[in-house]
**Student:** 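What follows is a single structure, and I will ask about it in a moment.
Every chain is numbered from 1, with letters handed out A, B, ... down the list of sequences. The figures here come from the full heavy-atom set of this structure, side chains too, leaving out hydrogens, waters and symmetry mates.
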Amino acid sequence: MSIAKTYSPKEAENKWYSYWKDNGFFRSTPDDREPYTIVMPPPNVTGVLHMGHMLNNTIQDVLIRRARMQGKNACWVPGTDHASIATEAKVVALLKEKGIDKKSLTRDEFLGYAWEWKEKYGGIILSQLEKLGASCDWERTKFTMDPDLSEAVIDTFIKFYKEGYIYRGIRMVNWDPQGKTAVSDEEVIRKEVNQKLYYIKYQIKGSSEFLTIATTRPETIMADAAICINPNDERYSHLKGKTVLVPLINREIPIIEDTYVEMEFGTGCLKVTPAHDLNDYELGVKHNLQVIDILNDDGSLNEKAEILIGEDRFIARKKIAKLLEEVEQLDKVEDYKSQVGFSERTDAAIEPKLSMQWFCKMENLSKPALDYVQSGEIKLIPEKFTSSYKHWMENVKDWCISRQLWWGHRIPAWYNEHREWVVAKTEAEAIAQFKQEGKSFEGIKQEEDVLDTWFSSGLWPMSVFDGVRNPENKDFQYYYPTNDLVTAPEILFFWVARMIIMGHDYTGKAPFQNVYLTGIVRDKLGRKMSKSLGNSPDPIELMGKYGTDGVRVGMLLSSPAGNDLMFDESYCEQGRNFANKIWNAFRLVNGWEVVDAPSTDAQQTAAKWFENRFNQAVAEIDEHFKNYRLSDALMSTYKLIWDDYCAWYLELIKPAYQSPIESETLETAKKFFQQILALAHPFMPFLTEELWHEDLFGSRDEKDCVIVAQFPEVKPFDETIIKEFEIVQQIISEVRNIRNTKQISPKVALPLAINATFIDFTKYQDSLIKLANISTLTFVREKITGAVSFLAGKEECYVALEDNIDVDAERERISKEIEYLNGFLVSVDKKLSNERFVQNAKPEVVQNEQNKKADAETKIKILEESLASL
RNA sequence: GGAGAAUUAGCUCAGCUGGUUCAGAGCAUCUGCCUUACAAGCAGAGGGUCACUGGUUCGAACCCAGUAUUCUCCACCA
């Protein structure tokens with residue numbers, strides 16, 4: 001039977017994914033096995049698969065597949081996030097295309113469109129996850145706005161309210177004029193922007209004198225409530241107690257004093273605009289200033305501005321500058337760089353705005369959440385994130401949880417005609433509440449605002465198991481707390497911290513044990529991959545090009561935990577090549593004719609060596625997994641397969657051309673092959689499953705799949721066997737090297753003589769002859785003159801060439817080696833003759849140095865003898 | 001401005017509590033091979049003052065201080 005020369009992934013991928021799914025391998029229900037649970041960070045319903053998802057979900061899949069193969073009850077819960085702002089923005093934009101204005105719709109009409117959109121596009125990303133092999137329990141797929149999850153959110157709001165964490169208040173919030181909603185501090189991205197610093201002259205009332213202030217926002221002068229100077233500033237001391245006139249509108253405002261003003265910056269005078277700047281607001285509160293809000297929700301000027309009503313803030317800025325120039329109150333304009341906040345979701349410049357919002361008090365909630373991480377009960381991987389987590393948790397401000405949107409969980413608060421309010425789950429309960437408080441319930445109306453998306457995502461590890469509404473249920477009891485969370489460091493505070501807070505508040509337990517923080521996927525130039533830069537490859541296309549296994553391997557090869565990943569397609573190429581290597585190893589073994597016979601001695605030796613080497617690698621890999629060093633685990637697997645299995649083991653047992661292989665050895669080779677497939681399966685699920693079912697390995701019943709095969713367990717191994725074989729490998733390499741440097745064809749067999757003093761090479765004879773292409777192998781007890789000699793370990797080897805050897809070159813080579821060893825010996829001697837070293841160093845270290853010394857002396861002796869014999 | 005991290009081969013990174021011949025891996029490069037599993041391959045080789053300067057130590061890539069560069073987070077002065 002002939003098999004294609006290269007592995008073509010496409011067919012295998014479709015075939016095996018549906019096979020796994022149809023046979024229920026991804027499904028999990030509670031039983032008496034140990035559970036291993038991961039909840040997927042729910043991608044936004046608006047999302048399409050990008051490289052970040054690819055990395056993140058590959059890691060989760062590797063962890064879950066390995067756990068499954070280790071016999072744990074592995075459960076990976078997928079789902080999507082409603083993402084209020086992003087989704088609402090998307091729906092609004094779509095409606096606009098159709099010529100529908102959101103304002104013309106009722107809330108219910110709009111939500112109708114939004115749900116329609118969600119049904120149509122919300123599942124795209126999940127189906128894309130299937131392409132990368134994600135072995136999620138799809139029957140558990142959840143959406144943050146599913147009825148049961150929504151109820152959990154509402155219940156939580158009410159619970160938090162009753163516990164006194166939730167309050168209403170007027171606050172300066174980050175207003176997104178495009179999304180027309182408040183956003184949290186964490187959703188504001190600060191960017192450095194080239195701006196202009198305008199120097200504006202304010203006339204002192206009753207005087208011809210002007211006071212100059214510097215501002216980047218001239219359009220807000222109509223909202224000025226005061227001019228502030230530093231009380232220690234002698235330049236302005238004569239102005240204390242006076243008032244000035246706001247240019248263009250001539251409103252009178254006081255000059256106040258506060259040390260907040262820095263004398264060195266600008267002119268040392270500050271215009272105070274409480275409605276449009278956080279610091280100014282605080283100054284305003286302190287000095288009891290008037291708050292004049294001149295902006296509409298969309299960022300345009302309102303009638304309080306008196307002029308330019310209806311103009312957008314940025315257009316107004318330019319116009320005001322012009323108007324000021326006309327009345328000669330614009331002193332000068334300078335270029336100026338400063339940080340401006342932008343909305344993460346809409347990229348609109350954030351406007352500080354005063355408004356009535358709902359808040360969650362964080363002080364008491366954050367403390368236990370910090371303790372989990374501090375005590376190590378929750379481990380952040382890599383650890384370096386612990387300190388920034390601590391810093392954030394200790395300085396956390398109250399969380400603004402209301403959003404002026406429709407898409408999301410509507411806040412369960414109810415107002416009566418007098419704008420008095422109660423918090424209740426339903427209108428009926430609200431009415432009852434009003435009655436109880438002796439208040440009117442006439443004109444009862446629910447709060448229009450919805451909750452911040454993260455309020456619901458914070459419940460995710462609980463709500464996917466219905467643990468908020470029904471904590472006694474079997475699933476929740478079994479799967480919660482979950483084991484590992486794999487997510488991006490960017491949302492450590494947004495999301496991870498809030499899950500810990502909410503998980504603790506409900507269950508008194510941490511929602512997970514380990515948080516694996518992946519790096520950010522960057523391009524070769526180190527830039528973050530983004531749609532706007534167009535530097536992000538489409539993972540689906542990549543998978544088409546290199547195969548899913550290839551891309552998975554490519555991603556993991558380059559991403560130690562927490563390190564950003566400089567993505568380069570060549571990693572995928574390496575992954576594809578690796579897949580192909582395994583494929584071809586299979587072709588080799590598969591193509592052998594068999595003869596019913598026991599293994600030869602050489603084959604038995606090879607098997608023994610490989611078995612030990614395999615167990616050594618398994619131990620290494622296990623260690624790497626324990627430390628969440630997935631790229632190292634993969635690299636160990638890669639080297640075990642490519643170097644040890646293919647390059648050494650298979651070459652050792654390979655029968656001569658057109659000769660059959662001994663049946664016992666073939667069986668052994670097949671056994672190893674299957675163990676290797678199992679080991680590689682978490683990384684390369686499709687290729688390994690495809691090969692697993694080849695006839696070579698015998699017939700399998702339908703549930704016998706590598707996805708549920710036993711993952712190789714850690715077993716003891718004999719290191720001396722591995723070490724001894726390393727000497728054999730070294731001899732083979734040396735002989736090949738001699739051929740290479742002397743330009744002798746690999747086809748020419750060479751004689752080899754070994755002066756073996758430490759190792760018994762008899763069991764390696766055939767292997768040496770085969771892999772080094774030796775004509776005659778002899779064991780000698782004395783020097784051989786006229787041959788090229790080399791040391792393998794402490795064994796001296798000779799290769800006699802037909803031509804006379806170049807004595808001078810040999811002499812030089814050996815001398816160099818002696819020189820190096822002498823240098824080494826000197827450094828060792830220096831240590832050993834240093835009394836303080838012998839006294840202070842650990843005994844085993846001293847012993848080691850003594851061994852090193854003895855070794856070097858032995859080698860030098862042998863080499864010196866060789867030199868003499870030349 | 002505050003905090004944290006990083007700097008090791010051309011690239012991406014290992015190097016655990018200072019002590020194995022410790023200066024490593026993979027990729028890339030170079031040389032020779034279309035050897036009947038695989039040129040997506042085989043064999044071999046070359047590449048580094050461990051950012052810099054001091055210090056601690058018997059001993060430093062590793063610990064400490066300073067300098068330079070880079071990155072991340074937080075806070076910001078109009």
**Student:** Of the candidate nucleotides B:G44, B:A78, B:C27, which contains the atom at the shortest distance from the side chain of A:N737?
**Tutor:** B:G44
**Student:** Main chain of A:Y546, side chain of A:E573: is a donor-acceptor contact present, judged purely on distance under 3.5 Å?
**Tutor:** no
**Student:** Wobble G-U and Watson-Crick pairs count when both distances are under 3.5 Å; given that, what is the 5' to 3' dot-bracket string of RNA chain B, with | for pairing to other strands?
**Tutor:** (((((((..((((.....[....)))).(((((.......))))).....(((((..]....))))))))))))....
**Student:** Would one find a side-chain N or O of A:K654 under 4.0 angstrom from OP1 or OP2 of B:A37?
**Tutor:** yes
**Student:** Base, sugar-phosphate, or nothing: which does A:S733 touch, judged by heavy atoms less than 4.0 Å apart?
**Tutor:** sugar-phosphate
**Student:** Can you tell me which nucleotide in B:G41, B:G15, B:U12 comes closest to the side chain of A:R629?
**Tutor:** B:G15
**Student:** Determine: side-chain N/O of A:K853 to OP1/OP2 of B:U20, distance under 4.0 Å, yes or no.
**Tutor:** no
**Student:** Nearest heavy-atom pair of A:V333 and A:Y198: which atoms, and what distance?
**Tutor:** CG2-CD2, 3.8 Å
**Student:** Measuring from the side chain of A:L588 (C-beta onward, heavy atoms only), which nucleotide among B:C74, B:G26, B:A37 has the closest atom?
**Tutor:** B:A37
**Student:** Base, sugar-phosphate, or nothing: which does A:W592 touch, judged by heavy atoms less than 4.0 Å apart?
**Tutor:** nothing
**Student:** Using atom C1' of each nucleotide, how far apart are B:C74 and B:C58 to the nearest Å?
**Tutor:** 45 Å
**Student:** Nearest of B:C38, B:C58, B:A40 to any side-chain atom of A:F837?
**Tutor:** B:C58
**Student:** Heavy atoms from C-beta onward define the side chain here; which of B:G26, B:A78, B:A5 lies closest to that of A:K639?
**Tutor:** B:G26
**Student:** Both A:T6 and A:R587 contact RNA chain B. Which one's nearest nucleotide lies toward the 5' end?
**Tutor:** A:R587
**Student:** Tell me what A:T216 touches on the nucleic acid: a base, only sugar-phosphate, or nothing, going by heavy atoms under 4.0 Å.
**Tutor:** sugar-phosphate
**Student:** Hey, does A:I213 reach any base, or is it just sugar-phosphate, or nothing, if we go heavy atoms under 4.0 Å?
**Tutor:** nothing
**Student:** Which label fits A:F493 and A:W392: parallel for a plane angle under 30°, tilted from 30 to 60°, or perpendicular past 60°?
**Tutor:** parallel
**Student:** Examine B:C11: is either OP1 or OP2 under 4.0 Å from a nitrogen or oxygen in the side chain of A:Y571? Give yes or no.
**Tutor:** no
**Student:** Measure from the side-chain N and O atoms of A:K794 to the backbone N and O of A:D855, and report whether any donor-acceptor pair falls under 3.5 Å.
**Tutor:** no
**Student:** Give the minimum heavy-atom separation between A:G575 and A:V553, together with the two atoms involved.
**Tutor:** CA-CG1, 3.6 Å
**Student:** So, A:K654 and A:E651, do they make that salt bridge, N to O below 4.0 Å?
**Tutor:** yes
**Student:** Counting side-chain heavy atoms from C-beta on, which of B:A40, B:A37, B:U31 comes nearest to A:N740?
**Tutor:** B:U31
**Student:** At under 4.0 Å between heavy atoms, what does A:T215 touch on the DNA or RNA strands: base, sugar-phosphate, or nothing?
**Tutor:** sugar-phosphate
**Student:** Would you call the rings of A:W583 and A:Y7 parallel, tilted or perpendicular, where under 30° means parallel and over 60° means perpendicular?
**Tutor:** tilted
**Student:** Can you check the distance between B:A43 and B:C34, where both ends of the measurement are the C1' atom (answer in whole Å)?
**Tutor:** 14 Å
**Student:** Between B:C27, B:A40, B:A37, which nucleotide gets closest to the side-chain atoms of A:R576?
**Tutor:** B:A40
**Student:** I want to verify a distance call: between B:A78, B:A40, B:G26, whose nearest atom is closest to the A:L270 side chain?
**Tutor:** B:A78
**Student:** For A:N584 and A:R587, test the side chains for any donor-to-acceptor distance below 3.5 angstrom and give the result as yes or no.
**Tutor:** yes
**Student:** Pick the closest RNA chain B nucleotide for A:Q743 and for A:K397 by heavy atoms, then say which residue is nearer the 5' end.
**Tutor:** A:Q743
**Student:** Taking the side chain of A:K747 as its heavy atoms from C-beta onward, which of B:A37, B:G41, B:U35 lies nearest to it?
**Tutor:** B:U35
**Student:** Work out how far the C1' atom of B:G18 is from that of B:C64, and round it to whole angstrom.
**Tutor:** 13 Å
**Student:** Between B:G24 and B:C16, how far apart are the two C1' atoms, rounded to whole Å?
**Tutor:** 15 Å
**Student:** What nucleotide, of B:C76, B:A39, B:A5, holds the atom closest to the side chain of A:K5?
**Tutor:** B:A39
